[in-house]
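Here is the structure we will look at, set down as structure tokens.
Both backbone and side-chain heavy atoms feed into the values below; hydrogens, waters and symmetry mates do not. In what follows, chains are A, B, ... by sequence order, proteins preceding strands, each numbered from 1. Keep in mind that what you see is a predicted model, and the values were worked out from it rather than measured.
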Amino acid sequence: MKKVISIILLVIFTISIGSFLHLENSHAQTLAWGSKGEDVRIAQTKLKNWGYLDGRVDGTFGKSTYDAVIKFQKSNGLTADGVIGPQTRAALGMPSNTVKPTTPASNGVSRSDDIHLLARIIHAETKGEPYLGQVSVGAVILNRVRHPSFPNTLAGVVYQPCAFEPVKNGAINEAPNDSAYNAARDALNGWDPTGGAIYFWNPATATSKWIWSRKITLEIGNHVFAHN
Amino acid sequence: MKKHALPIVLAIALVASLGWGIYQYNERNDYHTYLDLQYQREFYDLIDHVENAQVNLSKAMASASHGDIVKFLSDTSRYSYMAQEKLTQLPFHHAPISNIEKFLSQLGDYCTAMLNKSLDGVTLTQEELNTMADLHSRANNFADELVKIQQDIVSGGIKFGDLRREGNRDLQALGDQMSDMGLINFEESMQEYPELIYDGPFSDHLDEVEPKLKGKEINEEEAINIMANAFDKYNIDDIKVTGELKNQHIDGYYISLANENAQDGYESTAAVSKVGGKIIWYMDPILKGESNIGREEAIQKAEEFLEKIGYKNMKSTYVMAYEGQIVINFAYEEDEVLVYNDLIKVKVALDDGDIIGLEAQGYLMSHHDRNIEKPELSADEARERLSSNVTEESVRLAMIPLDGGKEILTYEFKVKFGEDTYLVYIDANTGDQRQMLLLVDQEDGSLVI
């Protein structure tokens with residue numbers, strides 16, 4: 001099941017590869033075996049002065065620093081894991097110079113924009129269809145976003161050339177009605193009556209020979225649906 | 001004088017319409033040229049990106065240190081996603097290029113999965129290196145084909161503007177043109193490309209996941225009874241089986257339930273699983289505007305409904321309210337561990353507390369007896385892995401899904417950084433940060449954990 005964590009739907013997730021690669025460049029980050037830099041030097045100096053560190057103060061977190069941190073943690077009642085995290089840092093009296101951004105990271109762009117676009121394509125594609133058909137069309141479009149053979153964004157899928165008739169003839173620009181909005185919301189919230197379909201077409205108007213080579217799995221209103 | 005009036009008017013009209021025609025013609029040509037050049041630009045970018053992806057992948061294979069491998073793989077996946085994006089913006093029909101699109105997506109996705117492995121300090125296996133070598137040679141072939149097409153474009157043989165027109169008129173013509181372009185050859189060679197199994201969202205094994213739902217098979221009549229028992233407001237005569245869900249993760253019966261909107265095509269619909277007889281989803285497309293009951297009461301109604309249809313230990317995690325309705329997310333809770341994979345969503349009407357929607361596919365696919373083991377790390381030990389830039393608000397154990405379909409036990413920290421609230425997921429056994437979510441503040445959505 002490809003559903004990315006849908007519990008927290010309004011949420012953007014970020015992968016923190018960058019911070020992992022540049023462990024040494026910033027203050028107030030966790031120091032562990034392999035860390036280098038000024039922060040390590042400060043920690044080593046403190047550990048040396050208090051008699052925990054046997055080795056040299058060289059700015060590189062190695063075996064001697066690791067042993068010293070464990071010793072320090074044990075004698076100060078901290079979790080002895082050999083990692084200088086927030087608590088150990090505080091116990092060492094090191095500056096935990098904290099960066100505080102002044103503006104929020106996002107102004108809530110993520111989903112409300114998606115709803116408008118999805119509602120527009122649903123409205124244009126499913127005039128006169130039952131509600132089930134509207135949600136199904138929305139679900140197919142969202143399934144395409146998650147499918148490797150299609151673009152990876154909602155706008156990419158909706159505006160893909162040659163994909164949807166209403167995009168070609170401009171009907172997509174019409175204002176959607178309440179029902180289309182409702183269907184777009186249900187689709188974005190994870191309702192998928194098609195069970196993962198990525199194609200739909202109208203048997204009465206479809207001219208493409210290729211599309212008929214798909215295996216029809218489902219029929220709703222004027223549309224048929226297919227999974228691959 | 002009077003008898004010349006008509007010819008003069010006609011002559012003026014002719015000249016005017018000629019002028020208008022020429023203007024329109026020029027205008028059309030301008031648009032056509034503009035479009036053609038935009039497409040050409042995208043095509044050049046496409047070639048660039050494919051070549052860059054290919055070169056970076058070869059560098060990654062020739063690199064020794066994890067750091068270098070990560071750097072080159074990250075470039076490879078960036079370029080292959082960019083190439084995929086460019087390709088999907090060109091005016092091709094889906095059929096002739098769908099395998100190429102898939103190839104580019106999976107190339108990027110596979111490199112990301114390998115990159116994450118390298119970041120964890122794991123050395124890539126011989127098999128994984130072989131897969132990378134195979135992907136590399138395919139990317140190489142693709143780049144070669146693209147360069148040939150580019151030469152055709154330069155010599156004036158192909159106009160993208162035409163391609164779009166022809167394509168719309170007649171698929172066969174497009175097919176011919178595409179094979180002239182050589183893309184068809186490459187597309188055909190892609191059909192034999194093997195299934196890729198790895199820890200990423202586009203991995204092929206995710207299509208074949210079996211549901212964890214077990215139970216005895218039910219017939220149509222039982223399916224109707226299940227719906228009637230769950231929703232008192234429908235008479236048994238109003239409920240009909242209208243079809244079967246086949247070839248899906250969970251097979252079942254389509255059910256329609258006549259309501260007051262039925263004649264406008266807005267009747268309620270549902271699906272009930274054949275195995276185990278569970279409601280997979282239910283939708284009542286009623287549009288309501290009034291809000292008479294509060295959030296707490298709506299959550300309580302939803303909880304009562306879930307108990308009634310046989311779901312216990314469900315905890316509400318997130319709600320979204322819209323005009324007159326509220327969607328509540330529930331996750332299964334086992335020994336104080338929140339299992340996000342076992343997800344059920346319930347929609348409640350805010351005027352009278354009526355249940356107007358249910359979505360349980362996540363729960364039915366993944367719920368099983370897990371026997372969650374005690375974590376290796378304590379909450380204190382996990383807390384040490386947080387950045388000291390953030391302020392902790394709460395912590396709990398949670399089982400979260402990973403991209404490759406696996407799930408892991410984590411500590412979920414709700415933290416503040418500046419004005420924003422984040423959920424940070426620290427692996428409860430290794431202490432690695434596995435996931436980070438930024439909560440986007442919206443008027444209508446809020447976390448209720």
Between [X] and [Y], which heavy-atom pair has the shortest distance, and what is it?
X	Y	value
B:Ser388	A:Arg89	OG-CD, 4.2 Å
B:Tyr81	A:Asn152	CD2-ND2, 3.8 Å
A:Pro161	B:Pro91	CB-CA, 3.7 Å
B:Lys102	A:Ser149	CB-OG, 3.3 Å
B:Gln84	A:Phe150	NE2-O, 3.0 Å

Donor-acceptor pair, distance only, cut-off 3.5 Å: does the side chain of [X] make one with the backbone of [Y]?
X	Y	value
B:Tyr254	A:Pro193	yes
A:Gln160	B:Leu90	no
A:Gln87	B:Arg383	no
A:Trp191	B:Gly357	no

Region of [X] that comes under 4.5 Å of a non-hydrogen atom in chain B:
X	result
A:Gln134	side chain
A:Thr194	backbone
A:Leu132	both
A:Val157	neither
A:Tyr181	neither
A:Tyr159	neither

Does the side chain of [X] reach to within under 4.5 Å of the side chain of [Y], using non-hydrogen atoms?
X	Y	answer
B:Val327	A:Arg185	no
A:Val83	B:Arg385	yes
A:Asp186	B:Met283	yes
B:Tyr322	A:Asn189	yes

Could you pull out all residues at least two apart from A:Asn222 that satisfy side chain to side chain donor-acceptor pair (under 3.5 Å)?
A:Glu129
Which of A:Ala183, A:Ala197, A:Pro151 touches chain B most, by non-hydrogen pairs under 4.5 Å:
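So the answer, after comparing A:Ala183, A:Ala197, A:Pro151, is A:Pro151.
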Checking [X] against chain A: side chain, backbone, both or neither under 4.5 Å from a heavy atom?
X	result
B:Ile286	backbone
B:Glu85	neither
B:Tyr282	backbone

A:Lys127, NZ atom: more than 12 neighbouring heavy atoms under 6.0 Å:
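Above 12, so yes.
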Would you mind telling me which of B:Leu245, B:Thr269, B:Leu377 has the largest number of heavy-atom pairs within less than 4.5 Å of chain A?
B:Thr269
Among B:Ser105, B:Gly243, B:Gly252, the residue with the most heavy-atom pairs under 4.5 Å to chain A is B:Ser105
Please evaluate residues B:Glu384 and A:Thr88 with respect to the criterion side chain to side chain donor-acceptor pair (under 3.5 Å), reporting the C-alpha separation (whole Å), side-chain torsions for both, the decisive distance (0.1 Å), and the verdict.
CA-CA 8 Å; B:Glu384 275 290 275; A:Thr88 312; 2.8 Å; yes
Do any pairs count as a salt bridge (charged side-chain N to carboxylate O under 4.0 Å, His left out) and have a residue in residues 153-164 of chain A, sequence neighbours left out, and if so which ones?
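Checked against salt bridge (charged side-chain N to carboxylate O under 4.0 Å, His left out) - neighbours excluded - no pair reaches residues 153-164 of chain A.
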